[in-house]
Visitor: 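Take a look at the following structure, please.
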Amino acid sequence: MEEQKKKRILSGIQPTGTFTLGNYIGAVRNWGQLQDEYECIYMIANLHAITLRQEPAKLRQQTREAAALLLACGIDPAKSLVFVQSQVPAHTQLSWVLSCNTQFGELSRMTQFKDKSAKHADNVNAGLFTYPVLMAADILIYGADLVPVGADQKQHLELTRNIAERFNGVYGPTFTVPEGYFPKQGARIMSLQEPERKMSKSDENVNAFILLLDEPDVILRKCKRAVTDSDSRVAASPDKPGVTNLMTIYSSMTGKTFDEIEREFDGRGYGDFKIAVAESVIAELSPIQREYKRLLADRAYLEEVLKTGAETAGRIARRYADKVYKKVGMLQL
Ligand code: TYM
């Protein structure tokens with residue numbers, strides 16, 4: 001029987017510091033799980049990172065660290081392509097063409113742009129504004145069918161679909177219109193301190209997030225300090241966002257359902273529960289941390305993975321970019 005062509009996946013993550021538990025549960029963990037069923041392409045979005053001011057040497061180091069961390073989280077370069085965005089120049093080439101097919105009004109509606117420009121009022125640069133166009137180029141340049149991301153990227157993905165459909169309408173079928181792939185649970189892990197806000201590594205309060213490289217005692221402390229709600233019942237409900245968030249984390253780590261968790265902690269209060277959450281996170285992250293240290297020490301291997309990834313991704317991307325340039329009327333060499 002003829003083997004069916006696998007669907008293609010693309011996703012990316014910014015190398016702006018160690019990934020949070022939110023990045024892991026919302027995206028990166030799923031990337032590893034999708035590798036057998038799909039043809040996967042995973043990218044370190046270092047061009048997106050410079051929409052906020054970065055220290056060059058630190059950004060280079062964080063890019064290597066992000067690569068090591070992705071592999072430690074289970075992304076296997078024998079199965080998936082892993083590369084650094086800036087090393088495949090076709091992304092930015094396509095981005096220009098797409099930006100000429102994206103409306104100012106569409107970009108103005110992006111909530112992430114509004115949030116980030118309010119937070120960094122001294123540096124509201126054009127890149128921050130056109131950020132979602134580059135993201136659309138990242139996705140469309142591989143003809144990706146599916147994009148596994150957390151809920152905060154939904155609006156960017158919707159814009160990508162609109163750009164693709166519009167372009168196809170004007171120039172004829174060119175791009176695959178991608179679908180988002182969101183985890184059933186954990187698409188939005190919330191801050192441990194303000195559970196109405198998403199967990200983010202840029203939070204000023206370090207107790208608001210868990211980083212994948214946090215030591216066990218730090219994880220325990222952060223979980224113990226997590227904001228909960230006035231009564232002491234471990235139960236999920238919209239008016240108990242703190243406890244519900246911890247239950248989501250615990251459920252993602254252990255595979256237990258909310259019902260099972262409620263029964264497990266019936267009559268036991270938050271203290272026991274928070275320790276159990278911390279232990280489940282530590283158990284999941286410890287092997288990742290060990291593997292990360294091993295990989296980071298093997299710089300030659302990491303460089304080889306990224307080089308092969310960029311070369312292979314570059315060949316695919318180049319073909320798409322050429323096709324698009326031809327369609328919009330650029331003279332071919
Ligand atoms: P970034 O680096 O902000 O986040 C990487 C991934 O982690 C998810 N995520 C979360 N999921 C659940 N709960 C949270 N608290 C949480 N915080 C972050 C994000 O949804 C994301 O999936 N623009 C992207 C990077 C990017 C990209 C792309 C993604 C560039 N090009 C093309 C997909 C396709 C970003 O900044 O993700």
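Predicted model only: the values in this text are computed from it and were never measured. Counting convention: from 1, in listed order, for ligands and their atoms alike.
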Visitor: Go through ligand 1 atom by atom and flag the ones less than 4.0 Å from a non-hydrogen atom of R188.
Guide: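 Per the distance check, 12 (C), 13 (N).
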Visitor: Would you mind telling me if ligand 1 is within reach of the side chain of M43, the backbone, both or neither, using heavy atoms under 4.0 Å?
Guide: side chain
Visitor: When you look for heavy atoms under 4.0 Å from ligand 1, do you find them on the side chain of H48, its backbone, both, or neither?
Guide: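 It is the side chain that touches ligand 1; the backbone stays farther off.
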Visitor: Please classify the A187 to ligand 1 contact at 4.0 Å (heavy-atom distances, strictly less than): side chain, backbone, both or neither.
Guide: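 Backbone only.
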Visitor: Could you measure the distance from the CD1 atom of I261 to the OG1 atom of T248? Nearest 0.5 Å is fine.
Guide: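 The distance works out to 8.0 Å.
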Visitor: In the protein, which heavy atom is nearest to atom 13 (N) of ligand 1, and how far is it?
Guide: I189 N, 2.8 Å
Visitor: How far does NZ of K6 sit from CG of L34, to the nearest 0.5 angstrom?
Guide: 11.5 Å
Visitor: With heavy atoms of Q14 as the reference, note each atom of ligand 1 found under 4.0 Å away.
Guide: 2 (O), 35 (C), 36 (O)
Visitor: Does the side chain of T254 reach to within under 4.5 Å of the side chain of E260, using non-hydrogen atoms?
Guide: no
Visitor: Using the benzene-type ring in the case of Trp, are the ring centres of Y142 and H91 under 6.0 Å apart?
Guide: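 Ring-ring flag for Y142/H91: true, centres closer than 6.0 Å.
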Visitor: Is the distance between the ring centroids of F129 and F104 under 6.0 Å?
Guide: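 Distance test on ring centres: under 6.0 Å, yes.
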Visitor: Only heavy atoms of G186, strictly under 4.0 Å: list the atoms of ligand 1 that pass.
Guide: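 Listed by number with element: 12 (C).
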Visitor: For atom 37 (O) of ligand 1, what's the nearest protein heavy-atom neighbour? Residue, atom name and distance, please.
Guide: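 Checking every protein heavy atom, the shortest distance to atom 37 (O) of ligand 1 gives Q153 NE2, 3.8 Å.
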Visitor: Report, in ascending order of atom number, the atoms of ligand 1 lying under 4.0 Å from any heavy atom of A27.
Guide: 6 (C), 7 (O), 22 (O)
Visitor: Please could you name the atoms of ligand 1 that A45 approaches to less than 4.0 Å, counting only its heavy atoms?
Guide: 30 (C)
Visitor: Does Y131, backbone or side chain, put an N or O under 3.5 Å from an N or O of ligand 1?
Guide: yes
Visitor: For atom 19 (C) of ligand 1, what is the nearest protein heavy atom, given as residue, atom name and distance?
Guide: D152 OD1, 3.2 Å
Visitor: Looking only at distance, does K198 have an N or O less than 3.5 Å from an N or O of ligand 1?
Guide: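 No: no nitrogen or oxygen of K198 is under 3.5 Å from one in ligand 1.
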Visitor: Are side-chain heavy atoms of F19 and I13 found at a separation under 4.5 Å?
Guide: yes
Visitor: Do M247 and T244 make a side-chain contact, defined as non-hydrogen atoms from C-beta onward lying under 4.5 Å apart?
Guide: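 A side-chain contact under 4.5 Å is absent here.
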Visitor: Quick check: V149 and ligand 1, any N/O pair under 3.5 Å apart?
Guide: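 It does not: no N or O of V149 is found under 3.5 Å from an N or O of ligand 1.
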Visitor: Using the side chain to side chain contact (heavy atoms under 4.5 Å, CB included) rule, take L21 and F209 through it: C-alpha gap first, then chi angles, then the decisive distance, then the call.
Guide: CA-CA 7 Å; L21 192 61; F209 51 77; over 6 Å; no
Visitor: Would you mind listing which atoms of ligand 1 come within a distance below 4.0 Å of any non-hydrogen atom of G22?
Guide: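 Reading through ligand 1 atom by atom, the close ones are 10 (C), 11 (N), 12 (C), 13 (N), 14 (C), 15 (N), 16 (C).
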Visitor: In terms of residue, atom name and distance, what is the protein heavy atom nearest to atom 28 (C) of ligand 1?
Guide: M135 CG, 3.5 Å
Visitor: Where does the angle between the aromatic ring planes of F265 and F273 fall among parallel (under 30°), tilted (30 to 60°) and perpendicular (over 60°)?
Guide: perpendicular
Visitor: Using heavy-atom distances, let me know which of S200, G12, A137, A151 sits nearest atom 29 (C) of ligand 1.
Guide: G12
Visitor: Does F19 come within less than 4.0 Å of ligand 1, judged by its heavy atoms?
Guide: no
Visitor: Let me know which of D138, T160, I139 forms a side-chain contact (heavy atoms from CB on, under 4.5 Å) with V147.
Guide: I139
Visitor: Heavy atoms only, cut-off 4.0 Å: how does D138 contact ligand 1, side chain, backbone, both, or neither?
Guide: side chain
Visitor: Examine the proximity of ligand 1 to T20 and report which part, side chain or backbone, both or neither, has a heavy atom under 4.0 Å away.
Guide: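 None of T20 does.
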Visitor: Under 4.0 Å between a side-chain nitrogen and a carboxylate oxygen: does that hold for E106 and R166?
Guide: yes
Visitor: Would you kindly specify which portion of I139 sits under 4.0 Å from ligand 1, judged on non-hydrogen atoms: side chain, backbone, both or neither?
Guide: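 Just the side chain.
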Visitor: Less than 3.5 Å between some nitrogen or oxygen of N23 and one of ligand 1, yes or no?
Guide: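 Such a contact does occur with ligand 1.
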Visitor: Please identify which atoms of ligand 1 are closer than 4.0 Å to at least one heavy atom of V147.
Guide: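 Those of ligand 1 that fall under 4.0 Å from V147 are 33 (C), 34 (C).
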Visitor: What I'd like to find out is whether the side chain of Y38 reaches to under 4.5 Å of the side chain of D145, using heavy atoms alone.
Guide: no
Visitor: Counting distance only, does the side-chain N/O of Q289 pair as donor-acceptor with the main-chain N or O of L212 below 3.5 Å?
Guide: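 A pair under 3.5 Å: yes.
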Visitor: Is E291 salt-bridged to R294, cutoff N-O under 4.0 Å?
Guide: yes
Visitor: For ligand 1, which atoms have a heavy atom of L10 less than 4.0 angstrom away?
Guide: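 What qualifies from ligand 1 is 32 (C), 34 (C).
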